[in-house]
Novice: 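Below is the structure I would like to discuss, written out as structure tokens.
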There are 2 protein chains.
Amino acid sequence: MIESDDFLGTTPIAIDDKGRFNVPSRIKSILDRKYNSDLIICVKENYLLISPHNEWIEGKKNWEKLDTFDDDDGKRKRMRKVLSRATECQMKSGKILIPANQRESVGLAKEAVLVGMSNTFEIWSREQWEKESG
Amino acid sequence: MIESDDFLGTTPIAIDDKGRFNVPSRIKSILDRKYNSDLIICVKENYLLISPHNEWIEGKKNWEKLDTFDDDDGKRKRMRKVLSRATECQMKSGKILIPANQRESVGLAKEAVLVGMSNTFEIWSREQWEKESG
DNA sequence: TAGGATGTGTCTCAAAGTGTCTCAAAGTAA
DNA sequence: TTACTTTGAGACACTTTGAGACACATCCTA
């Protein structure tokens, strides 16, 4: 099957009682084909940002250049905020487990939404997503 | 048969109980000849916009690059707006399936209208189309 | 070392998606 | 008109997907 290499679209997902969700088949097939099961989860303002590990490494090449003289109020501050709460994770048995503290950080309950963002994807609680998109 | 390379005209189509429609032969022959079966469906205000995947890739070349740490108000938000409303799909067995949530987004029931728009085409519910064109 | 919280593998069943056939209607050529 | 071809709606059986359930594993702390 010929498919695009981009994460796209909005898919409602259900988070189970252990904090996992089934990776939608469209997303899973892109991970299988273009990347692998290794992922990085970042906590952003009101959603979670999930990158394939390879994409993370790519991005890192850019922000690693940030030198020690950058002032503390700008980008460095934002980076610290994100990196300090980021974790590695893996897709296992077609599912992704979101650690409890990250779920709490963005108020993820059972009903959630996965939003494709080209080379990464985001997980929103349904409430937050309705605010964002509505 | 004289064949144009452009999607043109207005064709009534019937959406079946699973959410598929038969691609009108005029449209199908343009897809077969000039493009292929890979498509992108975008949810617009009150209709769906379907582009051949190639056309989408062309547009994508101009996109901004996203950064893990960028603010959520700027380019990320703009990009999310576009990407979250797009889904890729394929014409299969001469039919296109419109996912349930996209059908709901624009109120597509059984009676619909396909409108050619040169290098893309649109799907309207009959009611919306009558408002738009009438 | 027992018991809770967290994390993992696998199964089931309904819903979503897919391939193919039929038949009547529309279109086309002689 | 008549005979032949193409088209499109519907039917139907099959496959894939995803939510939920459940049993088991691991880790931590008391």
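The chains referred to below are lettered A, B, ... by the order of the sequence lines, with proteins before strands, and numbering in each begins at 1.
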Novice: In whole Å, I'd like the distance from the CG atom of Asp17(B) to the C1' atom of dG10(D).
Specialist: 8 Å
Novice: Sort me out a list of protein N/O and nucleotides 25-30 of chain D N/O pairs below 3.5 Å, or just none if empty.
Specialist:
none

Novice: Angle between ring planes, Trp63(B) versus Trp56(B), binned at 30° and 60°: parallel, tilted or perpendicular?
Specialist: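 Because their plane-to-plane angle is over 60°, the rings of Trp63(B) and Trp56(B) count as perpendicular.
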Novice: Please tell me which of the listed nucleotides, dA19(D), dG18(D), dA13(D), lies nearest to the side chain of Ser25(A)?
Specialist: dG18(D)
Novice: Do any of residues 84-116 of chain A sit with a heavy atom less than 4.0 Å from DNA chain D, and if so which?
Specialist: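 Within this stretch, Lys95(A), Lys110(A) sit under 4.0 Å of the strand.
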Novice: What residues join Tyr47(B) in its hydrophobic cluster, counting side-chain heavy atom gaps under 4.5 Å, either direct or through other members?
Specialist: Leu49(B), Val113(B), Val115(B), Trp124(B), Trp129(B)
Novice: Per the end-axis method with five pairs at each terminus, what is the bend angle of the helix from dT1(C)-dA30(D) to dA30(C)-dT1(D), to 10°?
Specialist: 30°
Novice: Do Arg20(A) and dG20(D) have a side chain to base donor-acceptor pair shorter than 3.5 Å?
Specialist: no
Novice: For Glu127(A), what residues pass the salt bridge (Lys or Arg N to Asp or Glu O under 4.0 Å) criterion, not counting sequence neighbours?
Specialist: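 None.
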Novice: Quickly, which of Leu108(A), Ile123(A), Leu97(A) forms a side chain to side chain contact (heavy atoms under 4.5 Å, CB included) with Phe21(A)? Name it, please.
Specialist: Ile123(A)
Novice: Tell me if the side-chain of Asp16(A) makes a donor-acceptor pair with the base of dA19(D), cut-off 3.5 Å, by modelled atom types.
Specialist: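 Flag unset: no donor-acceptor pair detected.
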Novice: According to side chain to side chain contact (heavy atoms under 4.5 Å, CB included), who are the partners of Val43(A), at least two apart in sequence or on a separate chain?
Specialist: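 Listed in chain order: Leu48(A), Arg85(A), Gln102(A), Ser105(A), Val106(A).
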Novice: Quick one, Asp38(B) and Asn54(B) - any side-chain contact, counting heavy atoms below 4.5 Å?
Specialist: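 A side-chain contact is absent here, since even the closest heavy-atom pair is not under 4.5 Å.
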